[in-house]
Asks: 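This is the structure, below, for whatever I ask next.
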Amino acid sequence: MPYVTADGALYPCIMLPVDDLAVRNVHKEPVAELFVKAISRWSGLPARQQQRAVELVPCETCPGHHHCAGGCMGRAYATTGDFMRVEDRCFLRKAVYTWKPIPPQGI
Ligand code: SF4
């Protein structure tokens with residue numbers, strides 16, 4: 001979900017305002033040209049997300065691993081400054097993945 005700042009920088013997401021991912025001067029160039037530039041900067045992001053899914057140690061034994069896979073890479077970066085960390089809602093996600101219904105009582 002691309003995001004444009006008021007000073008004319010285009011990022012792949014509001015959670016990823018990383019200098020290496022920025023396309024500058026968006027108010028001066030056609031959108032098509034901006035996205036051509038963006039492709040070269042952003043093309044590694046899917047591979048990085050795949051790397052997270054495979055390499056994040058806290059996720060290896062998590063029951064939600066195949067669904068969550070470390071959560072949102074942008075949230076992880078925004079809250080830790082590191083792409084290779086689990087996202088900040090990990091504890092909430094784990095609570096959902098490990099939830100078990102309470103059996104009915106007294107019937
Ligand atoms: S809930 Fe936490 S440990 Fe489990 S897969 Fe998601 S980020 Fe990883």
Side-chain angles (χ1 to χ4, degrees):
M1 193 176 297
Y3 170 73
V4 177
T5 63
D7 64 351
L10 173 68
Y11 294 99
C13 170
I14 194 170
M15 305 298 273
L16 289 171
V18 181
D19 284 345
D20 290 349
L21 300 175
V23 176
R24 307 270 176 207
N25 301 318
V26 301
H27 303 305
K28 298 177 181 165
E29 294 183 43
V31 171
E33 290 180 26
L34 296 170
F35 278 100
V36 168
K37 290 180 182 176
I39 287 170
S40 66
R41 290 171 173 81
W42 303 352
S43 62
L45 292 173
R48 188 171 286 175
Q49 182 61 34
Q50 285 296 317
Q51 182 185 11
R52 288 169 48 77
V54 172
E55 296 182 12
L56 289 177
V57 173
C59 307
E60 288 176 354
T61 58
C62 178
H65 184 195
H66 293 295
H67 178 262
C68 174
C72 170
M73 176 171 58
R75 288 188 70 103
Y77 184 83
T79 55
T80 70
D82 185 350
F83 287 105
M84 293 305 293
R85 299 279 296 271
V86 297
E87 68 148 76
D88 59 316
R89 298 172 297 185
C90 172
F91 69 102
L92 293 171
R93 288 173 175 257
K94 263 190 187 168
V96 171
Y97 296 131
T98 58
W99 180 80
K100 294 199 175 17
I102 299 170
Q105 303 286 315
I107 298 178

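Order of appearance sets the numbers: ligands from 1, and atoms from 1 within every ligand.
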Asks: Give the protein residues with at least one non-hydrogen atom closer than 4.0 Å to an atom of ligand 1, ordered by chain and number.
Replies: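 Within the 4.0 Å shell of ligand 1, which is judged on heavy atoms, sit Pro58, Cys59, Cys62, His65, Cys68, Ala69, Gly70, Val86, Cys90, Arg93, Lys94, Tyr97.
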Asks: I want to check something: taking the side chain as every heavy atom from C-beta on, are Glu87 and Leu92 in contact at a cut-off of under 4.5 Å?
Replies: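 Result no, sub-4.5 Å side-chain heavy-atom pair not found.
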Asks: Is there a continuous path of hydrophobic side-chain contacts, each under 4.5 Å between heavy atoms, that joins Leu45 to Phe35?
Replies: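 The answer is yes; both residues are in one hydrophobic cluster.
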Asks: Are any side-chain N or O atoms of Arg85 and backbone N or O atoms of Thr80, one a donor and one an acceptor, separated by less than 3.5 Å?
Replies: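 Side chain of Arg85 to backbone of Thr80, a donor-acceptor pair under 3.5 Å: no, none is there.
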Asks: Is there side-chain contact between Cys68 and Lys94, with at least one heavy-atom pair below 4.5 Å?
Replies: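 Contact flag for Cys68/Lys94 side chains = no.
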Asks: Between His65 (side chain) and Pro58 (backbone), is there a donor-acceptor pair under 3.5 Å?
Replies: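 No, His65 side chain to Pro58 backbone: no donor-acceptor pair under 3.5 Å.
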Asks: Mind checking whether Met15 and Val23 sit in one hydrophobic cluster, side chains of I, L, V, M, F, W, Y counted as touching below 4.5 Å?
Replies: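 No, no single cluster joins them.
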